[in-house]
Amino acid sequence: MKMNYTVVNKEIHVGDINIIGLTGSSVLLVGDTEHISSASAFDTPPEALIIGPLAPLAPETPF
Amino acid sequence: MISVTRSAIFQIGDSVNLKPRSLVYAVQRGVPVYFPYEGDFAQQELFKEPIPKLVVKEDVKTTFINENPNIYVDSIRILGMGGSSVLQVGSNCEIDTESKVINIRQFIKEDLESHAYMIPTSKKV
């Protein structure tokens, strides 16, 4: 099933945008685009929260 | 705009392809202690496996008619941009952003004076 999608740009006029933070993999676009794919991952492994003596993270293993 | 950090992109104008990547492996400690040679991206599962991508299978033909090619922007106020974020005033064909974050938090229950909160680190051979 084919789809034709036509964009007619007359006049884009942005007055005022106030944003505190633009983080992760977010996009603020004033204009056209065809394809946006944004992915963001946040992991908390088992050792994400350790209460006790401070230990260094595992060092790089030379390979 | 006050700060644009990591792999954030602040673009005014057109572009074809934007692919920012940001891998963060952060550790926050109850006491500011810094060890040499610590942290290894390869050992973390999150950084090894790729994030699955959506396959665009819709058959869409887009045509753009720019009667007025100008874009007018009075003011954009942003405190900060981080990770792999994109701020673009203009057009493009493809934006593909990816950001991976691991936050490790290490707290101490011993009191500070006893300095017992440190594990004697083995000397790096």
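Lettering of chains follows the sequences in order, A, B, ..., and the numbering in each one begins at 1.
Within a 6.0 Å radius of OH in A/Tyr5, other residues, nucleotides and ligands contribute 12 heavy atoms or fewer. More than 12 heavy atoms of other residues, nucleotides or ligands shown are found within 6.0 angstrom of CD1 on B/Ile65. Sparse packing is recorded around CZ of B/Arg6, with 12 or fewer heavy atoms of other residues, nucleotides or ligands lying under 6.0 Å away.
A/Val30 is connected to B/Ile12 through a chain of hydrophobic side-chain contacts under 4.5 Å among Ile, Leu, Val, Met, Phe, Trp and Tyr, so both are in one cluster. B/Val4 and B/Ile76 fall within a single hydrophobic cluster, where Ile, Leu, Val, Met, Phe, Trp and Tyr are joined by side-chain heavy atoms under 4.5 Å apart, directly or via other members. A continuous path of Ile, Leu, Val, Met, Phe, Trp and Tyr side chains, each step under 4.5 Å between heavy atoms, connects B/Val24 with A/Phe42, placing both in one hydrophobic cluster. Under the 4.5 Å side-chain heavy-atom criterion for grouping Ile, Leu, Val, Met, Phe, Trp and Tyr, B/Tyr72 is not connected to A/Val14 through any hydrophobic cluster. No path of Ile, Leu, Val, Met, Phe, Trp and Tyr side chains, each step under 4.5 Å between heavy atoms, connects B/Val16 with B/Val89, placing them in separate hydrophobic clusters.
Tested against B/Ser84 for a side-chain contact (heavy atoms from CB on, under 4.5 Å), the candidates A/Ser26, A/Ser38, A/Ser25 yield a single pass: A/Ser25.
Annotation: the span from A/Leu22 atom CG to B/Leu79 atom CG amounts to 11.5 Å, rounded to 0.5 Å. Note that the CD atom of A/Glu11 and the CD1 atom of B/Ile71 stand 11.0 Å from one another [nearest 0.5 Å]. In this structure, B/Ile78 CD1 and A/Ile17 CD1 are separated by 7.5 Å, a value rounded to the nearest 0.5 Å. Atom CG of residue A/Leu57 and atom CG of residue B/Asp40 lie 10.0 Å apart, to the nearest 0.5 angstrom. The distance from atom CG of A/Leu49 to atom CZ of B/Arg105, rounded to the nearest 0.5 Å, is 8.0 Å. In this structure, A/Leu28 CG and B/Leu87 CG are separated by 5.0 Å, a value rounded to the nearest 0.5 Å.
Counting heavy-atom pairs closer than 4.5 Å to chain B, the top-ranked of the candidates A/Ser37, A/Ala48, A/Gly31 is A/Ser37. Your options are B/Ile102, B/Thr97, B/Thr5, and the one with the most heavy-atom pairs under 4.5 Å with chain A is B/Thr97. When each of A/Val27, A/Asn4, A/Val7, A/Thr44 is checked for heavy-atom pairs under 4.5 Å with chain B, A/Val7 comes out on top. The most heavy-atom pairs under 4.5 Å with chain A, out of B/Asp96, B/Ile9, B/Thr63, come from B/Thr63. Between chain A and the residues B/Val27, B/Leu18, B/Asn70, B/Leu46, the largest count of heavy-atom pairs under 4.5 Å involves B/Leu46. For the options B/Ala8, B/Cys93, B/Pro36, B/Gly83, heavy-atom pairs under 4.5 Å to chain A are most numerous at B/Cys93. Among the candidates B/Met81, B/Gln43, B/Arg77, the residue making the largest number of heavy-atom pairs closer than 4.5 Å to chain A is B/Arg77. Top candidate by heavy-atom pairs under 4.5 Å with chain B, chosen from A/Pro45, A/Ser40, A/Gly15, is A/Gly15. Top candidate by heavy-atom pairs under 4.5 Å with chain A, chosen from B/Ser3, B/Gly39, B/Pro20, is B/Gly39.
Contacts of B/Gln88 classified as side-chain hydrogen bond (donor to acceptor under 3.5 Å, both in side chains), with partners at least two apart in sequence or in another chain: B/Ser15, B/Asn92.
A salt bridge between B/Lys100 and A/Asp43 is absent, with no side-chain N of the basic residue lying under 4.0 Å from a carboxylate O of the acidic one.
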Which pairs of donor and acceptor atoms, one on a side chain in residues 47-60 of chain B, lie under 3.5 Å apart (sequence neighbours left out)?
none

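Contacts of B/Val73 with chain A are made by both backbone and side-chain atoms, with heavy-atom separations under 4.5 Å. Contacts between B/Asn66 and chain A at a heavy-atom distance below 4.5 Å involve backbone atoms as well as side-chain atoms. With a 4.5 Å cut-off on non-hydrogen atoms, B/Glu94 touches chain A through its backbone and its side chain both. For B/Tyr25, the part lying under 4.5 angstrom from a heavy atom of chain A is the side chain only. For a residue to count as touching a neighbouring chain, one of its non-hydrogen atoms must lie under 4.5 Å from one of that chain's; by this rule B/Gln28 does not touch chain A. Both the backbone and the side chain of B/Thr62 come within contact range of chain A, judged by heavy atoms closer than 4.5 Å.
The shortest side-chain heavy-atom distance between B/Asp74 and A/Asp16 does not fall under the 4.5 Å cut-off.
Counted by atom type alone, B/Ser85 and A/Thr23 present zero donor-acceptor pairs between their side chains at under 3.5 Å.
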